[in-house]
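Before any comments, here is the structure.
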Amino acid sequence: MKSAFVIAFLIFIGGISQDKWKAPPEADKLKNPVAGQQEAIKGGKKIFATMCAICHGEKGKGDGVAGAALNPKPTNLITGAFHAQSDGAIFWKITEGRAPMASYKATLTEEKRWQLVSYLRTLKQ
Ligand code: HEC
């Protein structure tokens, strides 16, 4: 009985103590080689629709069908708070992942990850 309570408490603390996801400061120095390029934005849009929308939602609002049951929830990618970070920080997060989001280091080339960054920039509210 007592241990069940302790376990429940630890799960509760674990849930609320998950920090906001921050990229390391070095990430801010990375420059997007395809920033604002139409071809890159088109490419990123395609990749987003096939690999990311399932969780982040078709329009990036964090409302994809597979995201509803996740903890934490997929981030809303159109907010000012999201867009306040650097391209490098966004690239770093797509590269590294953080559970329940996978790392895309092995599955997407650097170029494709930058294309995604360029596309995400167009989603700003
Ligand atoms: C399995 C569901 C899932 C898929 C698929 C997924 N994500 Fe995520 N994503 C998440 C979750 C959950 C978070 C929040 C993680 C956290 O805050 O710890 C997140 C966070 C992010 C963030 C960081 C937001 C921030 O600033 O904190 C970016 C950028 C991102 N996702 C982009 C993508 C891109 C691009 C793809 C496709 C290549 C993708 N995600 C695919 C679930 C997913």
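Just so you know, ligand 1 is whichever comes first in the structure, and atom 1 is the first atom listed for that ligand.
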Would you say K20 contacts ligand 1, with heavy atoms under 4.0 Å as the rule? no
Which of the numbered atoms in ligand 1 are below 4.0 angstrom from a heavy atom of K73? 12 (C), 14 (C)
Within the distance-only criterion (no hydrogens, no angle test), does the side chain of S103 pair as donor or acceptor with the backbone N or O of T95 below 3.5 angstrom? yes
Taking the non-hydrogen atoms of P72, is any one of them nearer than 4.0 angstrom to ligand 1? yes
Is Y104 in polar range of ligand 1, meaning some N or O pair under 3.5 Å apart? no
If you measure from the Lys or Arg side-chain nitrogens to the Asp or Glu carboxylate oxygens, is any gap between E39 and K42 under 4.0 Å? yes
For ligand 1, which atoms, with element, lie under 4.0 Å from some heavy atom of Q85? 25 (C), 26 (O)
Can you see whether Q85 engages K22 through a side-chain donor-acceptor pair at a distance of less than 3.5 angstrom? no
Any atoms of ligand 1 less than 4.0 Å from a non-hydrogen atom of W21? List them with their elements. 15 (C), 16 (C), 17 (O), 20 (C), 21 (C), 22 (C), 23 (C)
Could you tell me whether a side-chain N or O of S118 sits under 3.5 Å from a main-chain N or O of I41, the two making a donor and an acceptor? no
Please list, in number order, the atoms of ligand 1 under 4.0 Å from a heavy atom of C55. 1 (C), 2 (C), 3 (C), 4 (C), 5 (C), 43 (C)
Numbered atoms of ligand 1 (with element) below 4.0 Å of L116, judged on heavy atoms: 35 (C), 38 (C)
So, taking the atom named CG in L120 and the one named CZ in F91, what distance separates them when rounded to the nearest 0.5 Å? 12.5 Å
At less than 4.0 angstrom from any non-hydrogen atom of R98, what atoms of ligand 1 do you find? 16 (C), 17 (O), 18 (O)
Considering the heavy atoms of L70, write down every atom of ligand 1 situated less than 4.0 Å from one of them. 2 (C)
Is there any side chain to side chain donor-acceptor pair (under 3.5 Å) pair reaching into residues 47-68, and which pairs are they, with sequence neighbours excluded? none
Atom nearest to atom 8 (Fe) of ligand 1 - H56, N, O or S atoms considered: NE2
Report, as yes or no, whether the 6.0 Å neighbourhood of atom CG on L70 holds more than 12 heavy atoms from other residues, nucleotides or ligands. yes
So, 4.0 Å and heavy atoms of P100: is ligand 1 close enough to count as a contact? yes
Other residues, nucleotides, ligands: >12 heavy atoms within 6.0 Å of K73 NZ: yes
